[in-house]
Amino acid sequence: MNAPATTVQHLRQPAPRTDIAMGFGNLESFELMQRAAKLLASSTLVPAAYRAEIHKTNRYGEITDTRQNPNALANSVVALNMAQRMGADPLMVMQNLYIVEGRPSWSSQWIIAAINGCGRFSPLRFDIKSLGKKKVEYITFSWENQKRQEVRNTIEIEDKVCVAWVIEKETGERLESPAVSIELAVKEGWFTKNGSKWQTMPDVMLRYRTASFFGKLYAPELLMGLQTTEEVHDTIDVTPNAEGVLQVEAETLRETPASQTAPRTRRPAPSRSR
């Protein structure tokens with residue numbers, strides 16, 4: 001058998017690159033990330049915020065309308081970048097990363113799974129103690145005559161307190177989260193919000209909140225500084241739009257405590273020279 005002829009043109013062809021990683025560092029890495037993002041955006045397994053096409057269906061499951069999602073590619077690139085920085089599976093990040101007013105947030109289930117799977121701690125456990133019934137005073141705000149008024153209210157609750165804890169494998173030390181109680185949820189305004197899950201499933205919400213606090217203190221690299229969706233819902237009222245992105249109603253921001261809002265000042269109108 002004759003060996004294939006080797007030409008000068010063949011020798012000049014560069015060998016295919018095998019060391020390119022997704023990222024923003026160079027053009028090849030960025031193009032590779034965009035190709036992967038386009039692949040994920042075309043899948044129906046990712047949440048609506050990442051899909052290239054949004055389908056509306058009727059109650060029978062029939063598609064009634066289809067439109068393009070202009071943010072799908074960009075959202076998928078962001079999710080890929082976060083997955084790469086965390087060393088996590090991209091699809092897992094997409095399934096548990098929610099976008100609220102341009103800020104991503106994690107599901108509480110993912111945070112618990114990330115803490116349990118990081119290998120540094122024993123599985124996350126929760127101690128819940130019943131403190132009995134008590135009356136708690138809390139503050140709300142209302143608007144009268146274009147002025148923000150403070151209103152004091154009282155509610156009777158079945159108080160409970162929860163602490164999340166683990167055993168650190170390297171040192172054998174027991175690590176605990178800050179304690180979270182129903183009384184705290186009332187005073188912070190979480191319990192009394194419209195549609196609050198604190199009233200219907202308090203034990204679950206106690207576990208979710210202490211898990212989030214634990215992660216922020218002892219494994220911040222897993223959360224990357226992000227809040228949980230439950231924390232976002234407790235802070236402001238949000239609703240998902242057709243693309244799966246959670247949006248904020250402007251009226252709900254009026255009830256935000258004064259310590260969390262910047263005061264507005266009116267600038268005098270510019271004088272007109274005659």
Side-chain angles (χ1 to χ4, degrees), residues 16-58 61-119 208 211-212 215-216 219-250 253:
R17 295 283 301 276
T18 59
D19 58 342
I20 302 175
M22 292 188 297
F24 299 99
N26 55 65
L27 180 60
E28 292 176 325
S29 297
F30 186 54
E31 288 179 344
L32 179 61
M33 179 173 283
Q34 288 189 82
R35 289 174 60 187
K38 288 180 180 178
L39 173 65
L40 290 168
S42 64
S43 172
T44 58
L45 298 179
V46 298
Y50 306 101
R51 293 181 199 163
E53 290 186 347
I54 303 297
H55 300 295
K56 289 187 177 180
T57 59
N58 56 23
E62 300 170 342
I63 297 177
T64 58
D65 184 32
T66 300
R67 62 191 181 90
Q68 298 296 315
N69 179 9
N71 302 315
L73 180 61
N75 290 344
S76 299
V77 167
V78 171
L80 282 172
N81 178 252
M82 295 188 70
Q84 186 180 40
R85 289 163 60 187
M86 298 169 59
D89 179 73
L91 184 59
M92 181 185 70
V93 170
M94 287 178 156
Q95 293 287 355
N96 293 280
L97 185 66
Y98 298 87
I99 301 170
V100 183
E101 285 297 290
R103 298 184 62 182
S105 59
W106 296 117
S107 68
S108 294
Q109 299 96 318
W110 184 89
I111 290 178
I112 295 173
I115 293 172
N116 290 342
C118 71
Y208 282 174
S212 174
K216 290 176 182 178
E221 69 280 2
L222 298 178
L223 277 64
M224 299 180 67
L226 304 185
Q227 289 183 307
T228 65
T229 54
E230 288 77 16
E231 288 177 290
V232 174
H233 278 276
D234 286 342
T235 306
I236 52 178
D237 290 331
V238 294
T239 53
N241 64 10
E243 286 79 19
V245 178
L246 302 180
Q247 292 183 326
V248 178
E249 297 294 336
L253 298 178

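Side chains are part of it too, since the values below use all heavy atoms of this structure and drop only hydrogens, waters and symmetry mates.
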Practice item. Starting from the C-alpha separation in whole Å, work towards a yes-or-no answer on side chain to side chain contact (heavy atoms under 4.5 Å, CB included) for Met82 and Leu226. Key: CA-CA 11 Å; Met82 295 188 70; Leu226 304 185; 3.5 Å; yes
d(Ser108 OG, Gln227 CD) to nearest 0.5 Å is 11.0 Å
Interatomic distance, CG@Leu32 vs CG@Leu27, rounded to 0.5 Å, equals 11.0 Å
**Message:** Less than 4.5 Å apart, side chain to side chain, heavy atoms only: is that true for Leu97 and Trp106?
**Reply:** yes
Shortest non-hydrogen pair, Pro90 vs Ala83, comes out as CA-CB, 3.7 Å
Rounded to the nearest 0.5 angstrom, the CD1-OH distance for Ile112 and Tyr208 is 6.0 Å
So Asn81 and Phe24, side chain to side chain contact (heavy atoms under 4.5 Å, CB included) or not? Walk me through it. CA-CA 9 Å; Asn81 178 252; Phe24 299 99; 3.3 Å; yes
Side-chain heavy-atom pair Glu53, Gln68 within 4.5 angstrom cut-off
yes
Tightest non-hydrogen contact, residues Leu223 and Ser212, listed as CD2-O, 4.0 Å
Within the distance-only criterion (no hydrogens, no angle test), does the side chain of Asn69 pair as donor or acceptor with the backbone N or O of Ala49 below 3.5 angstrom? yes
CD (Gln109) and OG1 (Thr229) are apart, to the nearest 0.5 Å, by 7.0 Å
Report task. Check the pair Ser105 / Glu230 against side chain to side chain contact (heavy atoms under 4.5 Å, CB included), numbers first and verdict last. Result -> CA-CA 9 Å; Ser105 59; Glu230 288 77 16; over 6 Å; no
>> Could you walk me through whether Trp110 and Thr228 satisfy the side chain to side chain contact (heavy atoms under 4.5 Å, CB included) test, starting with their C-alpha distance in whole Å, then the side-chain angles of each, then the deciding distance to 0.1 Å, before giving a yes or no?
In response: CA-CA 9 Å; Trp110 184 89; Thr228 65; over 6 Å; no
Heavy-atom closest pair (Ser107 atom, Asn96 atom, distance to 0.1 Å) is OG-OD1, 2.9 Å
Smallest heavy-atom separation, Arg51 atom then Val46 atom, equals NE-O, 2.7 Å
Rounding to 0.5 Å, atoms OH (Tyr50) and CD (Gln95) come to a distance of 9.0 Å
All heavy atoms of Leu45 vs all of Ser43, minimum pair found to be N-OG, 3.0 Å
The reported gap from CD1 in Ile115 to CG in Leu222 (rounded to nearest 0.5 angstrom) is 7.0 Å
